[in-house]
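Here the structure is a predicted model, which means the values were calculated and not measured.
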Amino acid sequence: MAKGTVIVDAGDTGGADAHLDTQQSLGQLVSTATSDLSALVHDEIALLKAETREDIKRAGAGGAALGIAAVLVLFGIPVLSFAAAYGLHALGLALGWSFLIVFGVHLLLGGVVAVWGIAKMRKMSKPERAMNSAKETATVISDSLRGRGHPVDRRKPAADVARSES
């Protein structure tokens, strides 16, 4: 046998199987990465929903209060003004002053309800946890695209956030 000659057994398929195993492992890695990224995006959305749910309720209460204030000011003025103004006039006040006093009372009530509604809306807060989590995810993804390693974070999801089942 000549020097440098390699004898290959026809029954030996170790090289081909090793190549197929590498391709299969790479495919599995891509599939796992895709499903993990999909689950991560679903979890980010669930966190944002959980964090903004309370703010949406506050905004609804504030909006309802502002709507009530508008109804009191716009539709209540004609009906209540006539009744109250004629009542004050019956007590001996001039008719013009009676209407002006009643109008001022309705504006005052509408202003109080409007201030209460604005105070409710100012209590809304930014979704801090979701924003921080999204920034962290973006950093991890950009680091992995650049080839940098990152520590594996094994934290449990927050109790009030439903984990997606992908």
Side-chain angles (χ1 to χ4, degrees), residues 27-166:
Q28 288 173 345
L29 287 173
V30 169
S31 174
T32 302
T34 303
S35 65
D36 287 348
L37 186 59
S38 175
L40 181 62
V41 168
H42 286 286
D43 291 344
E44 294 287 340
I45 292 170
L47 177 61
L48 183 62
K49 284 180 182 178
E51 212 168 88
T52 57
R53 190 172 291 128
E54 192 63 33
D55 286 337
I56 290 171
K57 288 179 184 176
R58 285 190 189 119
L66 290 174
I68 290 170
V71 167
L72 283 173
V73 170
L74 294 176
F75 296 125
I77 289 174
V79 174
L80 294 175
S81 293
F82 280 108
Y86 281 115
L88 288 173
H89 180 63
L91 293 175
L93 205 56
L95 193 57
W97 287 108
S98 299
F99 274 101
L100 191 58
I101 289 171
V102 171
F103 178 72
V105 169
H106 283 288
L107 283 182
L108 182 65
L109 287 174
V112 167
V113 174
V115 167
W116 180 75
I118 290 170
K120 282 287 188 189
M121 294 185 92
R122 284 193 180 170
K123 287 185 180 179
M124 293 173 41
S125 62
K126 294 188 281 186
E128 294 290 337
R129 292 185 308 172
M131 288 171 31
N132 290 338
S133 180
K135 286 177 186 175
E136 184 179 320
T137 301
T139 302
V140 168
I141 289 172
S142 68
D143 286 350
S144 66
L145 290 176
R146 291 184 185 137
R148 295 184 208 154
H150 62 279
V152 177
D153 189 2
R154 303 221 181 259
R155 289 180 289 176
K156 293 181 182 177
D160 61 342
V161 177
R163 175 98 178 150
S164 63
E165 299 295 328
S166 307

At what distance, to the nearest 0.5 angstrom, does NE2 of H106 lie from CD1 of I101? 12.5 Å

So CG of L108 and CG of L72: to nearest 0.5 Å the spacing works out to 11.5 Å

Look up atom OG1 in T32 and atom CG in L37, then write down how far apart they are to the nearest 0.5 Å. 12.5 Å

Check: K135 main-chain N/O paired with T139 side-chain donor or acceptor under 3.5 Å: yes

Closest approach of A59 and M124, non-hydrogen atoms and distance? CB-SD, 3.7 Å

Looking at S98 and A85, what are the two nearest heavy atoms and their distance? CB-O, 3.1 Å

Test log, rule side chain to side chain contact (heavy atoms under 4.5 Å, CB included), inputs V113 and L109: CA-CA 6 Å; V113 174; L109 287 174; 5.8 Å; no

Where is the tightest heavy-atom contact between A114 and A69, given as atom of each residue plus distance? N-CB, 4.0 Å

Checking the side chain of D55 only, and the main-chain atoms of S125 only, is there a donor and an acceptor separated by less than 3.5 Å? yes

CG on L40 to OG on S35, rounded to 0.5 Å: 11.0 Å

Taken to the nearest 0.5 Å, the spacing of L48 CG from R53 CZ works out to 10.5 Å

How are the rings of Y86 and F82 set to each other: parallel, tilted or perpendicular (split at 30° and 60°)? parallel

Applying side-chain contact (heavy atoms from CB on, under 4.5 Å) between L47 and each of H42, R129, M131, report the one that passes. R129

Heavy-atom closest contact (K123 atom, R58 atom, distance): O-NH1, 3.4 Å

For W116 and A65, work out which heavy atoms get closest and say how close. CZ3-CB, 3.0 Å

What is the distance from atom CD1 of I56 to atom NZ of K49, rounded to the nearest 0.5 Å? 10.0 Å

